[in-house]
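A short write-up of the structure that comes next.
Since we're looking at a predicted model, the values are computed, not measured. Both ligands and their constituent atoms are indexed starting at 1 by order of listing.
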Amino acid sequence: MKNRSLVSINDYSKEEILRLLDVAAEFEENTVQPVLTDKVIASLFFEPSTRTRLSFETAINRLGARVIGFSDSSSSSTTKGETLKDTVIMVSNYADLIVMRHPLEGSARYASEQSSVPIVNAGDGANQHPTQTLLDLYSIKKTQGTLENLNIFMVGDLKYGRTVHSLLMAMTHFNPTFYFIAPDELRMPKEYRQLLEKMNIPYYEKTEMDNLNEADILYMTRVQKERFSDLMEYERVKNAYILQNSMLNNTRNNLRILHPLPRVNEIHTDVDANPKAYYFTQAENGVYVRMAIIAMILGIK
Ligand code: CP
């Protein structure tokens, strides 16, 4: 992982993923480890973010490094017409590593080809969100005791939801069974279904959120309004699934509800007090996992 960009979850092998989760657990045990006091890390967010940006910046601070960058590209020279290529070349002269979120699919890969320092993809359009996936894996392993042989229910916007795309790819290492619950308009894209078929990994597609008693992980997602070109279509599907506390009766004891957040309506607040709700702790885990990502790419761990 040293000096390598993290653009897609496929950039890491199963062994590298497991090693990274172990390092994240070490950081959770000891959250302040100023091992990167000579490093500068750029945080370039061309799209809004709360969790990803702030947990990365917390991770950077806890590692003793300095952070530069922007949370709103309208304050950068992008507004004057500067290209992504020029921006990345410039910033790679200032920083040892660049964390970047951008609305265009493929932008992180493109940036990694221009940059002289590693790029960490903090989300590129509807494509991938690999650091979210690593914290999702960490959360699954921590709550289930294993990543192997789990029933993973994914609910909501499986078309535009980059977190489910990355998580699906990562889970292929661990013999899962998938249940995809989405309206027809928001089905899991064909390329991901074909990947599972090629790997003989079972999946079931449904439009109803039922049979929750078979789930180990219930991964809820927000319908991604910002990716719709037709807002009428968004209005039709935006409240397709709303998880209520009463729906969790008779579910497995080990069931945990994950959500990359932010949520809108898809998880009723009456679920929050249920011990099976794990989404806020999941977001907290992002700090430890992002500390591990930065430390390992910069060759400290
Ligand atoms: N999970 C996630 O990416 O959240 P933010 O958009 O707030 O970063």
Side-chain angles (χ1 to χ4, degrees), residues 6-9 20-21 24 41-62 67 69-74 97-105 107-108 111 119-140 142-143 152 154-171 186 217-228 234 238 241 243 256-267 271-272 277-294:
L6 172 56
V7 171
S8 162
I9 194 65
L20 191 138
L21 301 186
I41 295 171
S43 164
L44 308 185
F45 278 73
F46 294 85
E47 252 195 352
S49 168
T50 297
R51 276 146 295 276
T52 309
R53 186 174 69 82
L54 295 181
S55 62
F56 258 118
E57 294 187 5
T58 303
I60 292 165
N61 279 292
R62 288 195 176 154
V67 62
F70 49 79
S71 57
D72 178 356
S73 63
S74 67
L97 181 149
I98 298 172
V99 177
M100 188 183 91
R101 171 172 288 188
H102 197 281
L104 288 182
E105 288 86 22
S107 53
I119 297 282
V120 174
N121 180 7
D124 61 328
N127 187 33
Q128 293 276 314
H129 195 348
T131 69
Q132 176 72 43
T133 296
L134 289 163
L135 79 89
D136 292 343
L137 294 175
Y138 186 79
S139 300
I140 294 170
K142 199 168 156 190
T143 59
I152 311 285
M154 293 179 167
V155 181
D157 187 348
L158 307 187
K159 179 179 179 184
Y160 298 116
R162 57 193 173 200
T163 63
V164 287
H165 302 159
S166 292
L167 182 59
L168 177 151
M169 289 163 69
M171 286 304 299
L186 299 177
I217 293 294
L218 178 56
Y219 196 97
M220 300 295 297
T221 63
R222 174 178 66 90
V223 178
Q224 310 262 304
K225 182 178 182 182
E226 63 275 29
R227 315 263 178 240
F228 282 75
Y234 168 74
K238 68 177 184 183
Y241 305 105
L243 182 67
R256 290 297 177 273
I257 300 146
L258 304 188
H259 190 311
L261 304 178
R263 71 172 152 186
V264 185
N265 288 327
E266 58 278 0
I267 302 181
V271 178
D272 295 356
Y278 194 73
Y279 26 92
F280 294 123
T281 310
Q282 176 190 0
E284 179 194 325
N285 291 338
V287 173
Y288 318 128
V289 168
R290 288 175 172 129
M291 287 176 83
I293 292 167
I294 293 167

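Residue L261 has at least one nitrogen or oxygen atom sitting less than 3.5 Å from a nitrogen or oxygen atom of ligand 1, judged on distance alone. Residue P262 has no N or O atom closer than 3.5 Å to an N or O atom of ligand 1.
Counted by atom type alone, Q282 and D136 present one or more donor-acceptor pairs between their side chains at under 3.5 Å. Under the 3.5 Å distance criterion, with hydrogens and angles disregarded, no donor-acceptor pair is assigned to the side chains of H259 and R222. Side-chain contact, E57 with N61: no donor N or O sits under 3.5 Å from an acceptor N or O. Looking only at atom types and distance, the side chain of Y234 has no donor-acceptor partner in the side chain of D157 under 3.5 Å away.
Relative to atom 6 (O) of ligand 1, the option among E47, R101, R51 with the closest non-hydrogen atom is R101. Around atom 8 (O) of ligand 1, the closest heavy atom drawn from A122, S49, S55, P48 belongs to S49.
Distances below 4.0 Å separate heavy atoms of Q132 from the following atoms of ligand 1: 1 (N), 2 (C). Close contacts of ligand 1 with T50, meaning ligand atoms under 4.0 Å from a residue heavy atom, involve 5 (P), 7 (O), 8 (O).
For atom 1 (N) of ligand 1, the closest non-hydrogen atom of the protein is P260 O, 2.8 Å.
Between E47 and R162 there is a salt bridge, since a side-chain N of the basic residue sits under 4.0 Å from a carboxylate O of the acidic one.
Counting heavy atoms under 4.0 Å from ligand 1, residue T163 does not touch it at all.
Annotation: cation-pi pair R290/F56 present, NZ/CZ under 6.0 Å from the ring centroid and within 45° of its normal.
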